[in-house]
Amino acid sequence: MASSRPRGGSFSRNISSAATAQIPGVKLGPNGTSFLSSGIPDLDQILGGGFTLGSLVMVMEDPEAPHHMLLLRNFMSQGLIHKQPLLYASPERDPRGFLGTLPSPMASKEEKSNERPSEQDANLRIAWQYKKYFGEQNSEVQRGGKAEYCNDFDLRKPLERHFYSGQRVDCISLRDSPNLVPLLERCSTFSAQISKSDGNITCAGRIAIQSLCSPQCDFFDKDWEMLSFIRSLKGMVRSSGAVAVISFPPSLVSPAFLKRWQHLADTLISVKAIPDEDKELAKLLTGYQDMLGLLSVHKVARINTQVPAILEATTFSMKLRKRRSLVLECLNQAPVDGSSGSSYGTSGTCSGSSKTGNLDF
């Protein structure tokens with residue numbers, strides 16, 4: 001008897017999306033892919049939805065500025081908001097202390113409107129400092145009891161301790177380790193906890209590794225060992241419901257191995273600082289004085305499809321909106337009137353000026 005089940009194409013995969021849609025912090029994409037938010041709304045839109053679930057993301061650091069830490073902080077905070085398991089590795093002696101620097105999500109417009117005091121609250125005559133305890137109970141509930149897929153984070157406000165004080169956060173220091181075997185074992189244990197069951201994802205997790213080839217680590221000159229670790233980690237992540245983000249200084253990797261690292265990455269991003277006194281660049285770009293640095297997207301993960309990703313732009317400026325939240329903007333050529341550019345998420349064009357006039361030749 002012929003089966004009534006429809007037959008998919010030769011390049012399609014039979015993936016159950018019903019269970020995946022119920023996982024907090026996971027968004028369904030085309031071709032049966034799923035996304036985890038990077039913690040930066042503009043970066044999610046640039047990548048087509050966020051970091052692909054089961055992918056390896058590599059961030060090339062700038063030795064002159066710690067801009068890669070902004071990406072790691074937002075990535076980790078977004079996972080903790082969604083109560084996703086987190087594994088963090090760092091060359092620092094106390095990596096858990098880094099959790100205290102993670103940013104807190106900013107209140108949305110709907111939350112601010114709901115925070116207006118009611119008549120019942122006005123009748124309660126209590127000291128104002130006790131009101132914060134009422135806010136902590138409702139801080140996890142957003143937009144009808146569900147957390148947002150991607151939040152805007154306030155870099156000046158630390159994340160509340162109860163988000164990362166649970167047992168689903170694991171930290172490991174790479175400084176005293178002579179090799180990468182302990183880290184590989186921790187990653188294997190972490191991936192096994194969020195592995196797929198019959199092809200369905202039951203839980204999503206995040207792995208963040210800071211400065212893999214840092215000179216503070218004893219294995220920073222063992223190129224083949226680090227290459228083998230990256231290859232093994234990519235296989236673990238691909239077979240589980242996790243996303244791994246690795247930052248590394250490319251200047252400390254030999255050119256031959258640097259190409260291998262870039263080839264293993266599903267998504268490849270680089271950050272670069274901007275000189276403070278570059279007069280030529282200041283005349284060329286709009287909003288140069290407000291830029292923190294440049295972010296370039298060299299490679300975008302393409303899983304379950306053979307269609308390449310075509311981006312409108314590959315290099316973006318990193319800015320702080322109201323000195324709080326991180327935004328990405330297209331690089332705009334400075335117009336005559338000196339108007340500033342707009343965020344990538346709010347503008348689909350690369351033109352910073354809205355005025356029209358006669359052309360001068």
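Nearest heavy-atom pair, L328 versus D42, reported as atom, atom and distance to 0.1 Å: N-OD2, 2.9 Å.
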F257 and L227: CA distance, side-chain angles, deciding distance, side-chain contact (heavy atoms from CB on, under 4.5 Å) verdict: CA-CA 8 Å; F257 281 91; L227 181 64; 4.1 Å; yes
side-chain contact (heavy atoms from CB on, under 4.5 Å) evaluation trace for F316 with L294: CA-CA 6 Å; F316 306 88; L294 299 176; over 6 Å; no
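A salt bridge does not link D266 with R302: every distance from a Lys NZ or Arg NE/NH1/NH2 to an Asp or Glu carboxylate oxygen is 4.0 Å or more. Comment: K27 does not engage D44 in a salt bridge, judged by the lack of any side-chain N to carboxylate O separation of less than 4.0 angstrom.
Taking the ring centre of F153 as origin, the terminal cationic atom of R73 falls outside the region bounded by 6.0 Å and 45° from the ring axis.
Between the side chain of R324 and the main chain of K157, no donor-acceptor pair closer than 3.5 Å is present.
More than 12 heavy atoms of other shown residues, nucleotides or ligands fall within 6.0 angstrom of atom NZ in K299. Atom CD of E64 has 12 or fewer neighbouring heavy atoms from other residues, nucleotides or ligands inside a 6.0 Å radius.
Taking CD1 of I81 as the start and CZ of F163 as the end, the distance is 4.0 Å to the nearest 0.5 Å.
F98 and Y88 have parallel rings, their planes meeting at less than 30° on a 0 to 90° scale where 60° marks the start of perpendicular.
Among the candidates S214, S270, S247, the single residue satisfying the side-chain hydrogen bond (donor to acceptor under 3.5 Å, both in side chains) test with E61 is S247.
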